[in-house]
Amino acid sequence: MALTVYDLWKSYQEKLDTEVTLSGWVRTSRTSKSFGFIELNDGTHFKNIQVVFEENLNNFDELTKISLGSSINVNGKLIKSPGEKQPFEISASSIEITGICEPDFPLQKKRHNNEYLRTIAYLRPRTNLFRAVFKVRSLVAFAIHKFFTEKNFVYVHTPIITGSDCEGAGEMFQVTTLDLDKLPRTEDGKIDYSKDFFGKQTNLTVSGQLAVENFCMAFRNVYTFGPTFRAERSNTQRHASEFWMIEPEMAFSDLNDNMDVAEEMVKYLIRYVLENAPEEMEFFNQWVDKGLLERLNFLLNSDFGRVTYTEAMEALIKSGKQFDYKPEWGIDLQTEHERYLTEEVYKRPVFLTNYPKDIKAFYMRMNDDGKTVAAMDLLVPGVGEIIGGSQREERLDMLEKRISEMGLRKEDYWWYLDLRRFGTNKHCGFGLGFERMVMYMTGVENIRDVIPFPRTPKNAEF
RNA sequence: GGGAGCUUAGCUCAGUCGGUAGAGCAACUGGCUGUUAACCAGUUUGUCGGGGGUUCGAGUCCCUCAUCUCCCGCCA
């Protein structure tokens with residue numbers, strides 16, 4: 001493969017005073033009457049390489065006017081740089097302009113705000129911020145597979161299109177090939193889904209959990225990691241219509257095992273990115289969130305808080321703080337409560353456990369008190385809820401009771417319920433919002449800025 | 001789904017009491033023998049988000065629609 005900017009930063013000392021060839025884009029240029037500098041980047045590394053050219057080049061005049069964003073091929077000698085800002089540079093013997101960047105290129109040599117860059121999402125990966133974000137996103141994805149593979153978990157590809165309309169995690173996008181102008185009807189006037197592509201109504205998945213639980217009963221420890229879709233009109237910084245989720249599921253395990261794995265995973269991902277993207281992390285720390293590195297390093301060396309819902313509620317009530325929603329046992333925690341707990345009381349990630357049964361999903365295991373279920377949420381400062389999980393109800397009679405209490409139909413869950421008949425055992429799992437993890441690690445505050453082409457209500461332009 | 005705010009040059013923004021459009025950056029032109037978001041000088045750039053209303057006169061006040069942003073709910 002051809003030499004890259006990454007290669008040179010790794011091993012420039014060995015290549016000093018040799019001829020090199022590089023391709024890349026002009027990030028910025030500075031010119032004088034008889035010489036000029038081009039900062040070259042080819043996307044393989046966060047840092048640029050400075051190219052020096054002089055008036056002996058036959059296309060010197062053209063080069064002095066080269067526009068930001070143009071692509072070039074450079075031949076030259078790798079030399080020690082007399083300047084202090086870089087250890088080496090390329091003294092060009094020839095520069096070929098392979099693709100001029102036209103003057104209406106929207107990216108300028110200055111900071112743009114993120115809202116503007118969203119309107120040109122097809123160009124924003126060329127900026128420092130978004131190159132750093134998407135590099136980190138890629139590394140986190142890899143680190144997830146590395147973590148679970150090292151722990152002997154099996155990666156399961158749960159379906160994107162689901163025939164189960166009872167995943168229970170939110171509004172769904174329907175998948176159909178029916179002609180919407182001429183919908184087939186049954187005799188009683190309802191839409192006849194037997195004529196649809198799959199012979200039944202189908203949707204995009206909102207969670208792989210029910211499917212992954214099946215595989216957990218075969219492989220013990222499994223995980224799924226893929227896209228999920230929610231058709232909710234959520235207009236917030238931390239919700240997207242299409243996002244990725246990591247969902248491990250572990251047999252013969254309880255809620256404490258669940259929290260142990262979650263905490264170990266979060267720390268593993270952070271450590272991996274700190275070690276493998278130091279330039280990008282330094283950039284975030286300088287330009288996005290000044291306290292980022294300090295906070296992440298602190299987190300690596302501390303234990304996450306673990307408190308029950310009941311204890312947390314007592315802390316909220318005792319705080320005497322004025323909330324818009326008065327804290328009271330039995331209510332769901334509001335965002336203001338969660339923020340107060342994780343940002344002001346504990347000042348670090350906190351697991352909240354054992355929520356009242358009425359505010360949680362049917363599949364969560366009933367505790368012995370008959371009032372709470374073995375659920376756990378991980379709250380982190382700045383982002384809020386990043387993980388939601390639980391120990392699953394493994395007792396068939398209890399599960400059926402919960403299904404009917406919540407007004408659901410047990411026929412819809414027949415194969416899920418069968419797991420409780422064929423070798424049931426206590427098991428648990430959780431869902432980690434991938435983008436929320438990336439937000440937490442980069443300090444970027446809007447989920448739309450950690451997804452290459454974000455989908456949110458009324459927005460699917462790119 | 002509920003609420004609040006924003007919208008002025010390519011970008012970031014200012015625009016006072018309602019009196020007829022501004023700055024910085026970018027772009028363009030020229031200068032400069034080691035720059036580092038290079039520097040210096042000059043030039044160009046407007047459907048003031050759309051529509052309607054009040055007024056002698058609206059970027060400014062009122063109504064309405066739209067976009068975007070933020071907050072809440074839902075959740076990851």
Side-chain angles (χ1 to χ4, degrees), chain A residues 27-39 47-55 64-65 67-69 79 81-86 89 91 101-120 128 167-171 206-209 225 227-247 262 287 323-325 331-339 359-361 375 377-380 383-389 430-440 445-451 456-459 461:
Chain A
R27 302 278 299 172
T28 172
S29 71
R30 299 174 286 271
T31 58
S32 291
K33 190 180 179 185
S34 60
F35 64 92
F37 303 91
I38 288 174
E39 297 270 345
K47 292 186 197 163
N48 305 322
I49 288 179
Q50 176 165 282
V51 177
V52 191
F53 60 97
E54 304 198 27
E55 59 185 336
T64 60
K65 292 176 188 163
S67 50
L68 186 152
I79 57 171
S81 177
E84 289 177 3
K85 304 252 173 147
Q86 58 280 318
E89 65 190 25
S91 174
C101 188
E102 301 194 6
D104 59 343
F105 186 52
L107 296 174
Q108 300 174 6
K109 195 161 46 185
K110 63 174 230 169
R111 283 192 90 179
H112 295 287
N113 65 35
N114 293 353
E115 288 77 27
Y116 172 67
L117 291 171
R118 268 175 229 149
T119 69
I120 49 167
N128 285 335
E167 289 173 339
E171 293 293 309
V206 294
S207 163
Q209 185 198 316
F225 176 33
T228 49
F229 308 86
R230 307 235 173 131
E232 270 141 21
R233 296 185 201 286
S234 302
N235 289 301
T236 79
Q237 290 176 301
R238 56 187 194 284
H239 290 85
S241 313
E242 176 179 328
F243 65 99
W244 282 53
M245 193 152 60
I246 299 103
E247 295 175 282
W287 297 101
F323 294 103
D324 291 340
Y325 286 85
I331 67 159
D332 205 355
L333 289 170
Q334 305 292 308
T335 297
E336 57 175 340
H337 303 142
E338 295 182 344
R339 293 188 69 115
I359 57 173
K360 285 293 179 182
D377 285 357
L378 179 64
L379 311 178
V380 299
V383 179
E385 184 176 344
I386 197 169
I387 284 177
F430 61 84
L432 168 75
F434 180 57
E435 284 80 9
R436 290 185 182 177
M437 188 69 214
V438 176
M439 288 165 72
Y440 184 62
E445 290 183 334
N446 196 307
I447 198 167
R448 285 168 256 219
D449 298 329
V450 299
I451 300 177
T456 52
K458 296 266 163 65
N459 184 2
E461 174 68 20

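Sequence lines set the chain letters: A, B, ... in the order given, protein chains first and strands last, and positions in each chain run from 1. Worth saying up front: this structure is predicted, and the values here are computed from it rather than measured.
Not less than 6.0 angstrom separates the ring centroid of Phe53(A) from the ring centroid of Phe37(A).
Of the nucleotides present, none pairs with rG59(B) by Watson-Crick or G-U wobble criteria with both distances under 3.5 Å. With a cut-off of 3.5 Å on both pairing distances, the Watson-Crick or G-U wobble partner of rG24(B) is rC11(B). Look at rG34(B): it lacks any Watson-Crick or wobble partner with both distances under 3.5 angstrom.
Within 4.0 Å (heavy atoms only), Ile387(A) reaches sugar-phosphate atoms of the nucleic acid but no base atom. In this structure, Gly431(A) reaches the sugar-phosphate backbone alone: every heavy-atom distance under 4.0 Å involves primed, P, OP1 or OP2 atoms, never a base. Among the atoms of the strands shown, only primed sugar atoms or phosphate atoms (P, OP1, OP2) are found under 4.0 Å from some heavy atom of Tyr116(A). Residue contacts for Thr236(A): at a heavy-atom cut-off of 4.0 Å it reaches a base atom on one of the strands shown. Gln108(A) comes within 4.0 angstrom of a base, heavy atoms only. Across all strands, Glu89(A) comes closer than 4.0 Å to base atoms (heavy-atom distances). Residue His112(A) is in sugar-phosphate contact alone, with no base atom involved, counting any heavy-atom pair closer than 4.0 Å across all strands shown. Glu435(A) comes within contact range of no nucleotide atom at all, as no heavy-atom separation falls under 4.0 Å. Looking at heavy-atom distances under 4.0 Å, Glu54(A) makes no contact with the nucleic acid at all.
Nearer the 5' end of RNA chain B, as judged by each residue's closest nucleotide, is the contact made by Pro457(A), out of Pro457(A) and Gly433(A). Between Lys65(A) and Val52(A), it is Lys65(A) whose nearest contact on RNA chain B lies nearer the 5' terminus.
Taking atom CZ of residue Phe323(A) and atom C1' of nucleotide rC72(B), one finds them 16 Å apart after rounding to whole Å.
In this structure, the aromatic ring of Phe434(A) is not positioned over the six-membered ring of the base of rA76(B) within 5.5 Å between centres and 30° between planes.
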